[in-house]
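Have a look at the structure below before the remarks.
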Amino acid sequence: MLIKQLDLVDFIKHYEAFLSRPKALFLEGDCKNHLRYIQALESILFTPPQAVKPLESQLQLLKKFGYLKLDEIFEFIKIIRYFMYLKTLKCEGILREWFDNILIPESLLECVKAFENNGVIKQGVYLEFDGLCQKILELKKEISFQMHQVLFQNKLAPYLVDRQIHLINNEECLLLKAGFHYVLKGQIIHRSNTGFFYVLPQSIIDLKDRLNHLNNQKEEELFKICKEISSLFTKHFLFLKFINKEFDRFDSYQARLMFAKDRGLEFLSPKGNAGNIQICEFKHPALKDPKPINLDFKGNVLILTGVNAGGKTMFLKSVLSVVFLAKYLLPMPINALKSNVDVFEFIHLILEDPQNSKNDISTFGGRMLEFSQMIHQKGGIIGIDEIELGTDSDEAASLFKVLLEHLMEKENKIIITTHHKRLAALMAGNPKVQLLAALFDEEKEMPTFSFLEGTIGKSYAFETALRYGIPKILINEAKKVYGEDKEKLNTLIEHSSHLEMKLQREIEVVQQKQKDLEYKRLRLKEKEEEIQKAYKKRMNALEMLYYQAINEAKKAVKSQNSQEIHRQMNNANKIFYQIKKDYEEKSLEKIKEFKIKDRVKYGCSKGIIIGIQRQMAVVQLDDGIKLKVPLNELKHSSGNILDTPKVKVDVKMPQNANVSLDLHGMRVEEALEKLDEFISNSLIAGFDEVLIYHGIGTGRLSSVVRDFLKQHPKVVEFLDAPPKLGGFGAKIVRL
């Protein structure tokens, strides 16, 4: 039902054509894990499986009666034979592990060898059966020979209508004239429209009796063979049940992959992201050359308003189609790298007019019945087309506002289309509600099939009616009846909604500024504490040097020998002058080392020198704060340096430079540290393109790597690696 509502019937049928046998769309287990297998399968060359019949009922028969027919046995043989083929493929990782873990019993492998590719039993396996088959073949040749012998007898020539062997009622016979019984004994099996007789000669009848006897013996022998193989299958019943299920799993993977390749589609695996829906460049498969759909749906309710026939219903179907196809891991026409959907418990679409005279239900009554069935459900996504259908607009606005808010409390996401400006205006003030308006080109008097976020759209009912052939004179009369007051009221509703949303955005901007100011205040306090610590540390060092000099002087005073006194005083002076010299040299080096507009690092902060006064520097930090700090506490920092002459730096080539980095299994902090070091080494080594493996997993590490690469000043661009190099689990980075 939902597939039909979403206009995905033909799309799903096209996918099902790639399956070897029909099966449910849903894949049990984690979608991310299934996607890993599909991506791994993409990197190898393989032949898709041939058609196989469903075998659930055959498994039940085997369990209950312990017997299968030859054609049913061969269906299992085809599955076993296909997995034997898969185990020979050159593959690694999860595919290799999967195929190796399917251990086919030796007795079943021997059984497979007994069949030809067309399901016929091979010669030399069952000798008695082979003997019967040989006798049947020889007898058929004898029948054919005898038939030709009879046909060309001279005495029969006058009675022959033609010299052909006819097939009547699945019997080979001759067409003869009346009186044939004088020269030929036989049985009349049919009469032609012209009065002639189809005759089966008696000699052939005798041979066919022998043939039937041999065929009966062959069937008996075949029954014995099937019973023997069925007995073997019964011993390995659990394995057959297991491999039948694994075949369906592989068939689901390969069909999705082949379907994606055939139509150039991408896989979008649902993720747990608090109900967010991000759609980039989705094209509904039922439309021919559609405009791509883009949406960032972070709220709980999305209200689509605007022009009639402007694509609102198709937009609604497109969003739910993305959720549906992602839930069942079916490829779709979308930019999967920039898209993201959550896992929803259910998908419900209220689309058609539920009015039914047979069941005595009205349009509005049917809508209320559908709402009552899902009012207590949680964690789903609900689509409602033309929510106001079937009742008074003012009453409906109040009722549906309450219903929608109740569904929001149940953590559902709701997408509705409506022409109720009142309902849209009532809901617009809620921060969890997003508005989209279908746009209308007033010059061309045509919908643009595009949408504007954050506004309530106009229906353009009069313009639409005119476009569909309603006379202009009737349109003008309708406008007079509608009145200017109504038009002004609609304009005021739209304007008030715009003002409310504008005010909401301004409040958010002010709140963000407050957060930024609070952050800067805390940073300034931290800087002050760091300066106090540095000051105390410097004072302690000077005090230690002072006491050391005093101690040297005391030693000199205590000495009785004048020469010793002078020697100790000289030592004290040396210490004092050495400290003074070291301090002056360091200060001089710092003064010479730093210049205005140099980019420097002070503690954990970075900034630019905007002034130097003796041994102090005025630094403007990146967050806008200005500090006056000692030069000897500054360090040069990498980054943009304003108007700074180029300096030749001799950097040694890293000895462990590599063109790839594997981050699998690392924590986020460890991965970022390794990634930063790897990019730096790659730049020093002169690499212009490197490969980073991060895996798919929960998507956390992938997201962190992507954000880091976006912000790194030396990264020109990055993209997903091809399937052979890791696919979605790796990035190719150009430096």
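Just so we're clear, the structure is a prediction, and the values are computed from it rather than from any experiment.
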ask   = Would Gln711 and Asp707 count as having a side-chain donor-acceptor pair, cut-off 3.5 Å?
value =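 The criterion, which ignores hydrogens and geometry beyond distance, is not satisfied for Asp707 and Gln711.
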query = His694 and Lys731: side-chain donor and acceptor closer than 3.5 Å?
reply =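 Yes, side-chain donor-acceptor contact under 3.5 Å.
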Side chain of [X], backbone of [Y]: donor and acceptor closer than 3.5 Å?
{"X": "Arg256", "Y": "Pro331", "result": "no"}
{"X": "Ser703", "Y": "Arg700", "result": "no"}
{"X": "Thr417", "Y": "Leu304", "result": "no"}

Inspect the contact between [Y] and [X] and indicate whether a charged nitrogen and a carboxylate oxygen are less than 4.0 angstrom apart.
{"X": "Lys533", "Y": "Glu529", "answer": "no"}
{"X": "Asp296", "Y": "Lys298", "answer": "yes"}
{"X": "Arg734", "Y": "Glu689", "answer": "yes"}
{"X": "Glu528", "Y": "Lys525", "answer": "no"}

What distance separates [X] [atom1] from [Y] [atom2], expressed to the nearest 0.5 Å?
{"X": "Asp598", "Y": "Ile596", "atom1": "CG", "atom2": "CD1", "result": "9.5 Å"}
{"X": "Glu281", "Y": "Asn335", "atom1": "CD", "atom2": "CG", "result": "5.0 Å"}
{"X": "Leu627", "Y": "Ile531", "atom1": "CG", "atom2": "CD1", "result": "5.5 Å"}
{"X": "Ile415", "Y": "Ile277", "atom1": "CD1", "atom2": "CD1", "result": "5.5 Å"}
{"X": "Phe282", "Y": "Ile334", "atom1": "CZ", "atom2": "CD1", "result": "6.5 Å"}
{"X": "Tyr535", "Y": "Glu633", "atom1": "OH", "atom2": "CD", "result": "12.0 Å"}

Could you report the tightest heavy-atom contact between [X] and [Y], atom names first, then the distance?
{"X": "Leu265", "Y": "Pro333", "value": "CD2-N, 3.6 Å"}
{"X": "Glu345", "Y": "Lys327", "value": "O-NZ, 3.7 Å"}
{"X": "Leu663", "Y": "Leu701", "value": "O-CD2, 3.5 Å"}
{"X": "Val733", "Y": "Leu709", "value": "CG2-CD1, 3.8 Å"}
{"X": "Asn412", "Y": "Lys378", "value": "OD1-C, 3.5 Å"}
{"X": "Ser682", "Y": "Leu735", "value": "CB-CD1, 3.8 Å"}

Trace of the side-chain contact (heavy atoms from CB on, under 4.5 Å) decision for Leu404 with Val433 = CA-CA 10 Å; Leu404 292 174; Val433 175; over 6 Å; no
Just so I know, are the side chains of [X] and [Y] near enough to count as touching, which here means a heavy-atom distance under 4.5 Å?
{"X": "Ser321", "Y": "His284", "result": "yes"}
{"X": "Lys520", "Y": "Leu524", "result": "no"}
{"X": "Leu95", "Y": "Leu41", "result": "yes"}
{"X": "Gln511", "Y": "Ile507", "result": "yes"}
{"X": "Asn300", "Y": "Gln434", "result": "no"}
{"X": "Leu691", "Y": "Val659", "result": "no"}
{"X": "Leu302", "Y": "Ile416", "result": "no"}
{"X": "Val619", "Y": "Leu621", "result": "yes"}

message = Arg667: which residues meet the salt bridge (Lys or Arg N to Asp or Glu O under 4.0 Å) condition with it, sequence neighbours left out?
response =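 Residues passing salt bridge (Lys or Arg N to Asp or Glu O under 4.0 Å) with Arg667: none at all.
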Within 6.0 angstrom of [X] [atom1], more than 12 heavy atoms from elsewhere:
{"X": "Glu411", "atom1": "CD", "result": "no"}
{"X": "Glu518", "atom1": "CD", "result": "yes"}
{"X": "Lys527", "atom1": "NZ", "result": "yes"}
{"X": "Lys338", "atom1": "NZ", "result": "no"}
{"X": "Lys714", "atom1": "NZ", "result": "no"}
{"X": "Arg706", "atom1": "CZ", "result": "yes"}

request  = Please lay out, stage by stage, how Val322 and Met332 fare under the test side-chain contact (heavy atoms from CB on, under 4.5 Å).
outcome  = CA-CA 8 Å; Val322 170; Met332 64 187 91; 4.2 Å; yes
Glu405 vs Lys401, salt bridge (charged side-chain N to carboxylate O under 4.0 Å, His left out): CA-CA, chis, key distance, verdict = CA-CA 6 Å; Glu405 288 174 346; Lys401 177 181 183 294; 2.6 Å; yes
request  = Please step through side-chain contact (heavy atoms from CB on, under 4.5 Å) for the pair Ile732 and Ile692, ending with a clear verdict.
outcome  = CA-CA 7 Å; Ile732 292 178; Ile692 298 170; over 6 Å; no
request  = Show your working on side-chain contact (heavy atoms from CB on, under 4.5 Å) between Ile414 and Met408 and close with a plain yes or no.
outcome  = CA-CA 8 Å; Ile414 309 122; Met408 288 165 60; 4.0 Å; yes
Intermediate values then yes/no, salt bridge (charged side-chain N to carboxylate O under 4.0 Å, His left out), Arg521 and Asp516 = CA-CA 9 Å; Arg521 188 185 69 79; Asp516 293 342; over 6 Å; no
Lys413 to Phe344, cation-pi by 6.0 Å centre distance and 45° axis angle =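 Output no; distance or angle outside limits.
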query = Quick one: side-chain contact (heavy atoms from CB on, under 4.5 Å) partners of Gln620, sequence neighbours excluded?
reply =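 With neighbours one apart ignored, the set is Ile610, Lys626.
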